[in-house]
Number of protein chains: 2
Amino acid sequence: MWQIDQVTLRLFIAVCEEGTIARAAEREFIAPSAVSKRLADLEALVDVALLSRSQRGVRATAAGEALLRHARLIMRGHERMQAELSQYAAGARGTCACWRTYRRWSSFCPRPCPNS
Amino acid sequence: MWQIDQVTLRLFIAVCEEGTIARAAEREFIAPSAVSKRLADLEALVDVALLSRSQRGVRATAAGEALLRHARLIMRGHERMQAELSQYAAGARGTCACWRTYRRWSSFCPRPCPNS
DNA sequence: CGACCTTACGTTCTACGTAAACATA
DNA sequence: TATGTTTACGTAGAACGTAAGGTCG
């Protein structure tokens, strides 16, 4: 891992909300070991402890809570992005006939295209 | 690809800014074919044409410009997140001695830990 | 003992680069 | 012909799951 990806961000949010890696893994349909490894890699990447482990679960450290706030903002940004794009996909905005028919720009697409 | 990752977002921003896939690939140190494939997968995912291709380069469609705006916001969120985390990594905020020394929580860490 | 986290390890699958093909000014 | 995009394909590396190990209440 060379940069924080939003798969890890979503897993981290789930872990903080569920309180244990095991429950977060179940909620996200992934093995607990995979979650554990992603979290360890994340902590190695940012070089800061994000979770305080115990036998009853995990808890975010101060740095972990800071990351949690940013992660939620970023995920909200993703939701907004996908919401707007789905409007285009539905044809409500600016998708021309050639794309709706062929799912790609082709010579059949009249130029100048309304989206270009 | 099952969801938009920020590697693709950064590549998309580069493509829009450079005007051609080739120059964006050079700027991001990746092969043009890899960029092309990521963009095609992205368009298949959102089911909307994002770029208008030609032999002189590419141009964002209306949907592509919408995505570009969101992508820049998200990347800015990432930058802010990493900036705050690097403050913790530098030890300026809330990192206790045990982590700075051993790079992990250990039994040496006094409890209650200031970060827990 | 039960619940949880972690490590080891084999495997699957994603994402890359190379090379070739295609299109247009 | 030069420039740019796309497709085919083989491969390296990332990420997953299973299984085993370890800790603590």
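What you see below is based on every heavy atom in this structure, not just the backbone, and it leaves out hydrogens, waters and symmetry mates. Chain identifiers are assigned alphabetically (A, B, ...) following the order of the sequence lines, protein sequences preceding nucleic acid strands; residue numbering begins at 1 within each chain.
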Worksheet item: Once you round it to whole Å, what is the distance between P of dT5(D) and CG of Leu50(B)?
Response: 15 Å

Worksheet, complete the sentence: The bend of the helix from dC1(C)-dG25(D) to dA25(C)-dT1(D), taken between the axes of its five terminal pairs at each end and rounded to 10°, is 30°

Worksheet entry | Side chain of Ser33(A) (C-beta onward), nearest among dT7(D), dA23(C), dA8(C) | dA8(C)

Discussion item. Can you tell whether the side chains of Arg10(B) and Glu79(B) come within less than 4.0 Å, N to carboxylate O?
Written reply: no

Item to complete: Nearest whole angstrom, please: distance from the P of dA14(D) to the CD1 of Ile30(A).
Response: 16 Å

Worksheet item: dG4(D) P sits how many Å from Leu51(B) CG, rounded?
Response: 16 Å

Practice prompt. Indicate yes or no: does Arg23(A) engage Glu17(A) in a salt bridge with an N to O separation below 4.0 Å.
Written response: no

Worksheet entry | Crowding at CZ, Arg27(B) (>12 non-hydrogen neighbours, <6.0 Å) | yes

Worksheet entry | Atom pair distance, as rounded to whole Å: CD in Glu18(B) and P in dG4(D) | 12 Å

Discussion item. Checking side-chain contact (heavy atoms from CB on, under 4.5 Å) between Leu85(A) and each of Val48(B), Asp47(B), Leu67(B), which is the one that passes?
Written reply: Leu67(B)

Fill in: Nucleotide nearest Ser36(A) (side chain, heavy atoms from C-beta), chosen from dG4(D), dC16(C), dT7(C)
dT7(C)

Fill in: OP1 or OP2 of dT14(C) under 4.0 Å from side-chain N/O of Arg38(B)
no

Worksheet item: Which of the following nucleotides, dG17(D), dC5(C), dG17(C), is nearest to the side chain of Ala31(A)?
Response: dG17(D)

Worksheet item: Toward the 5' end of DNA chain C, which comes first, Asp41(B) or Gly19(A), by nearest nucleotide?
Response: Gly19(A)

Discussion item. Heavy atoms only, 4.0 Å cut-off, all strands: where does Thr20(A) land among base, sugar-phosphate and nothing?
Written reply: sugar-phosphate

Item to complete: Give the rounded distance in Å between these two atoms: CD1 of Ile21(A) and P of dT23(D).
Response: 17 Å

Discussion item. Measuring only between side-chain heavy atoms, which start at C-beta, is Val46(A) closer than 4.5 Å to Leu50(A)?
Written reply: yes

Worksheet item: More 5' along DNA chain D: Gln55(A) or Asp5(A), using each one's nearest nucleotide?
Response: Asp5(A)

Worksheet item: Any side-chain heavy atom of Leu42(B) sitting closer than 4.5 Å to one from Arg38(B)?
Response: no

Discussion item. Heavy-atom nearest nucleotide on DNA chain D for Arg56(A) versus Lys37(A): which residue maps closer to 5'?
Written reply: Lys37(A)

Item to complete: Using whole Å, report how far CZ of Arg59(A) lies from P of dC5(C).
Response: 15 Å

Worksheet item: Is Arg53(A) near enough to dT6(C) that one of its side-chain N or O atoms lies under 4.0 angstrom from OP1 or OP2?
Response: yes

Worksheet entry | Nucleotide dC4(C), atom C1' - distance to CD of Glu26(A) in whole Å | 13 Å

Worksheet item: Please give, in whole Å, the distance from dA15(D) C1' to Leu39(A) CG?
Response: 14 Å

Discussion item. Would you say CD of Glu26(B) has more than 12 non-hydrogen atoms from neighbouring residues, nucleotides or ligands within 6.0 angstrom?
Written reply: no

